[in-house]
Structure formats: C-alpha cells, structure tokens
Amino acid sequence: MPKVIVVNGPAGVGKDTFIDYCLEELDPYGDAISTVDFIKDIAKDYGWNGEKDPQSRKYLSELKQIFTDWLDAPFQQVVKSINRIRLESIQYNLPEERFCLFVHCREPKEIERLVFELGAITVLVDS
C-alpha cells in the first residue's frame, strides 16, 4: 500500500513548499491531494469567487460537512487516490509501497481516521 502522509499546520508556514519539495524528490513516486479541494471546485461552480473571508470560510466548512455527513466524501477522495496509485503502479510496473500520497487535512477527526484506517503518518509543518 502507498504511504499516506497527512500534512497539517497553520496557514502560511510552508506546507505546500514542503510537499512540493518532497514530490520533486519522490518523482515519480509522489502525489498530493487536499480533503477540501473538491469542495472548493463545487463552490466555484456555484458562484464562490475564491475569496478567503470569514463568510467564505464558513460556507466552505459547512459545504464540506454536508459532503462528509452525506457521502463520506473527503475520506473517499483519499481512498480513490490510493486506488488510482495502485492501478498506476500495476500499469507501469512500479512498486506501490514506494509511493507517498500527501494529504492536506486540518480536521482532527479526519486526521485520526486516516491514521487509524489507512496507517497514515502525520507531519506538522510549523515556522
């Protein structure tokens, strides 16, 4: 199974920079997703302009909670990415255990579940 690495930390401390560096070193064995990116895509389809003001943050948070309660969507997105990595490793004859999937996730309960169910490790990026 690919390694799942949950990356967390305050805004602006370099989480993306850390992941980008890791992906560069792991090429072609690395990938990254966020448990909220697909929610942002849905919100944009319905008029959200990408702003990060308090009202928008509340909107995104509530929308994510709906998709979590209804479809378990954030967790399923991670599982879907793992399955895609597994298929690609077979297709290109690459050892799947060398792959690392970096997951941007902030919610403590989601992080705990990723650790418990997928054996994820966590990395806290701090300035």
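All residue numbers refer to positions in the sequence shown, counting from 1.
Tracing side-chain contacts under 4.5 Å through hydrophobic residues (I, L, V, M, F, W, Y), one reaches Val7 starting from Ile121; they form part of the same cluster. Cluster membership check: Leu124 does not share its hydrophobic cluster with Val13, using side-chain heavy-atom separations under 4.5 Å among Ile, Leu, Val, Met, Phe, Trp and Tyr. The hydrophobic cluster containing Tyr92 also contains Ile85, counting ILVMFWY residues as joined when their side-chain heavy atoms lie under 4.5 angstrom apart, directly or transitively.
Here the closest non-hydrogen pair linking Cys105 and Asn8 is O-CG, 3.4 Å.
Taken to the nearest 0.5 Å, the CD atom of Glu112 stands 10.5 Å off from the OG1 atom of Thr122. Put simply, CG on Leu114 and OG1 on Thr35 are 8.0 Å apart, with the number rounded to the nearest 0.5 Å.
Legend: residues meeting salt bridge (Lys or Arg N to Asp or Glu O under 4.0 Å) with Glu96, ordered by chain and number and at least two apart, are Arg86. Residues that satisfy the ring pair (Phe, Tyr, Trp, His ring centres under 6.0 Å) test with Tyr29, not counting sequence neighbours, are Phe99.
At least one donor-acceptor pair under 3.5 Å links the side chain of Lys3 to the backbone N or O of Glu97.
Leu26 places a side-chain heavy atom less than 4.5 Å from the side chain of Phe102. Between Met1 and Ile82 there is a side-chain heavy-atom pair separated by less than 4.5 Å. Side-chain contact between Leu101 and Val78 is present, with at least one heavy-atom pair separated by less than 4.5 Å.
The salt bridge (Lys or Arg N to Asp or Glu O under 4.0 Å) contacts involving residues 48-76 comprise Lys58-Glu62, Lys64-Glu107, Lys64-Glu110, Asp72-Arg113, where partners must be two or more places apart or lie in separate chains. The list of salt bridge (Lys or Arg N to Asp or Glu O under 4.0 Å) pairs with a residue in residues 23-50, not counting sequence neighbours, reads Asp31-Arg84. A salt bridge (Lys or Arg N to Asp or Glu O under 4.0 Å) check over residues 11-21, counting only residues at least two apart or in different chains, returns nothing.
Alongside Leu60, the hydrophobic cluster contains Val36, Phe38, Ile39, Ile42, Tyr46, Trp48, Tyr59, Leu63, Phe67, Trp70, Leu71 (criterion: ILVMFWY side chains under 4.5 Å).
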For this session: Before giving the answer on side-chain contact (heavy atoms from CB on, under 4.5 Å), spell out for Val4 and Val103 the whole-Å C-alpha distance, their side-chain angles and the decisive distance to 0.1 Å.
Result: CA-CA 7 Å; Val4 178; Val103 180; 3.9 Å; yes
